[in-house]
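To start, the structure itself, in structure tokens.
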Amino acid sequence: MAQKPSIPKGTRDFSPVEMARRNYIFDTVKAVFQLYGFQPIETPAMENLSTLMGKYGEEGDKLLFKILNSGDFAAKANDADLADRNSIKLTNQISEKGLRYDLTVPFARFVVQYRNDISFPFKRYQIQPVWRADRPQKGRYREFYQCDVDIVGSDSLLNEFELVQIISDVFTHLRVNTVVKINNRKILAGIAEAIGEADRIVDITVAIDKLDKIGLEKVNEELLEKGVSQDAVDKLQPILKLSGTTDEKLDSIEQVIGATELGKKGIEEVRTFFNYISSVELNTEVELDLTLARGLNYYTGAIFEVKAKDVQIGSICGGGRYDDLTGIFGMPGVSGVGVSFGADRIYDVMTQLELFPEEAVASTKLLFVNFGEKEEAFCLPILRRLREAGVNAEIFPEAAKMKKQMTWADRKNIAWVVMVGEDEMNQGKVNLKNMKTGDQNLVSPEELVRLLAE
RNA sequence: GUGGUUGUAGCUCAGUUGGUUAGAGCGCCGGAUUGUGGUUCCGGAGGUCGCCGGUUCGAACCCGGUCUUCCACCCCA
């Protein structure tokens, strides 16, 4: 029985038009990365499960796609675990590889593995798909592309500043209105410490991150539910209600957390960062958002998130500083900072806003209509010369009906069509038709090449 | 992972309380135009109604399961 062809949930095919648009995004992102001195690397789609597991928290482990071992893996599995139907224990025995979940952890692995060949600070970019066994919904796919830029081996906040400029440049080129939100994990840690709940930092940050989504009351409820004391929640209130300019926010929060070591350091970092920001003109708004807590467990300093102003779709770019990601792979004391552009979400935003330029869909410039063998022989050398001159050109591969060939050219959005029949061959010329205006002219092959090569 | 939602022609969607042969628009193919596309006119093809099972004399319609879509939660690009 012929089954209906389909692809796995949360994955997508890309048509030529979609690819042209996606490449438009990738190309501009790439160009900006290179402008700032970053170099590309690639890593395999699959990594050893041991390098992936435990890096993204408990949730993350569940969202990893695991790859079954080759061969008769079931025979080697432990009988007791098989009988128990213990998925987690069983997984360890039948799977040792997984699809990468992001590009940062594989990059950390890469850095450690090639530490002797890399000169630090190492600035790399990486544009590849990642996979998450999440349930798909709007702007959320199981296979999607990330465009990562990271600097490892430098503590300087100049790197954070460079990243924000990259973000600004990318979205300026793409004509997407964005706001960059900045926070600092050290400030969050300082807050947790100052209110006497230092070890609850994760629960606290996750809860206050939802502030603009569920409101102050629900956040407080959630905090209490998670076991944060009433006293601590009370102390947190002034921080949640902070407003004003960046300087004002920093001044007020300093009064609360300035005494904690981490908090003090965090405030200092954010001040330095904003000094850099104010030293140049940026097209993008940069805002200190103390409720911004998103990000993976491994962030230790700055946290970034970029939102599209005109479309609601979650963040289209995010990142931060991680002080010791390479430590897990046996290389401690190397700090890194980076951001990741979500190409698929950027695509969705740009589609919704109709921001793709028409030229993004590159196509053939000229088509030779095929009239038959003799005419073919006449056209082929001319076609060759056009291509040598750098003109995207092609000939219809068979002598199909004129109407068929014209329709084909029209649908492929080809700008020019050349028709050569007996009359034209006798005169040694070709009939050049402009598909937009409908105008037709007899020109010599030399003229044709000259005209189209411009 | 939890709760909900969606699925009918290539695409967007109609389809009466369950009742003959399941429709439209767009697209596709052919013709008017044997050397001219995008406009117009005429004609044509295309469906196991997501899949499997059940109820019924009878199911696109009711019930169960499953897959898919989208949404909320969780989390995230």
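Remember, predicted model here, so these are calculated numbers, not experimental data.
For the atom pair CD1 of I382(A) and CZ of R385(A), the computed distance is 6.5 Å after rounding to the nearest 0.5 Å. Note that CG of N184(A) is 10.5 Å distant from CG of L292(A), once rounded to the nearest 0.5 Å.
U17(B) sits 15 Å from C63(B) when the P atoms are compared, rounded to a whole Å. With both ends at atom P, the span from G7(B) to U55(B) equals 25 Å, rounded to whole Å. Between U12(B) and G3(B), the distance separating the two C1' atoms is 29 Å to the nearest Å. Taking atom P in both G37(B) and C28(B), the straight-line distance is 14 Å, to the nearest Å. Using P as the reference atom, U39(B) and G27(B) are 7 Å apart when rounded to the nearest Å.
Using a 4.0 Å heavy-atom criterion, one finds that K401(A) contacts the sugar-phosphate atoms exclusively. G139(A) comes within 4.0 angstrom of a nucleotide base, judged by non-hydrogen atoms across all strands. Among the heavy atoms of the strands, none lies under 4.0 Å from G372(A). As judged by a 4.0 angstrom heavy-atom cut-off over every strand, Q137(A) is placed among the base-contacting residues. Heavy atoms of Y141(A) sit under 4.0 angstrom from at least one base atom. Residue-level contact check: G438(A) touches the bases, meaning some heavy atom is under 4.0 Å from a base atom. Among the heavy atoms of the strands, none lies under 4.0 Å from V130(A). Backbone-only contact: K210(A) has heavy atoms under 4.0 Å from sugar-phosphate atoms and none from a base.
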Any N/O pairs under 3.5 Å between the protein and nucleotides 2-6 of chain B? List them or say none.
residue, atom, partner, partner atom, Å
U2(B), O4, R135(A), NE, 3.3
U2(B), O4, R135(A), NH1, 3.0
G3(B), O6, R135(A), NH1, 3.1

Can you give me the N/O atom pairs linking the protein to nucleotides 33-35 of chain B at distances under 3.5 Å, or say none if there are none?
residue, atom, partner, partner atom, Å
G35(B), O6, E424(A), OE1, 3.3
G35(B), N1, E424(A), OE1, 3.0
G35(B), N1, E424(A), OE2, 3.0
G35(B), N2, E424(A), OE2, 2.8

(message) Please convert RNA chain B into dot-bracket. A pair counts if it is Watson-Crick or G-U wobble with both distances under 3.5 Å; crossing pairs go in [ ] and bases paired with another strand get |.
(response) ((((..(..((((.....[...)))).(((((.......))))).....(((((..]....))))))..))))....

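Taking the six-membered ring for Trp and thresholds of 30 and 60 degrees, F341(A) and F171(A) have ring planes inclined between 30 and 60 degrees apart. Using cut-offs of 30° and 60° on the angle between ring planes, the pair Y347(A) and F356(A) is tilted.
In the interface, the side chain of R140(A) is not paired with the base of C70(B) through any donor and acceptor atom under 3.5 Å apart. Residue-to-nucleotide contacts include a donor-acceptor pair under 3.5 Å from the side chain of D410(A) to the base of G37(B).
Between the side chains of Y298(A) and D323(A), not a single donor N or O lies within less than 3.5 Å of an accepting N or O.
Going from atom CZ of R411(A) over to atom P of C11(B) covers 16 Å, rounded to whole Å. Distance CZ (F65(A)) to C1' (C76(B)): 14 Å, rounded to an integer number of Å. One can place NZ of K213(A) at 11 Å from P of C76(B), the figure rounded to the nearest angstrom.
Residue ring and base: F144(A) counts as stacked with A77(B) (centre distance below 5.5 Å, interplanar angle below 30°).
Between Y125(A) and F38(A), the distance separating the two ring centers is not shorter than 6.0 angstrom.
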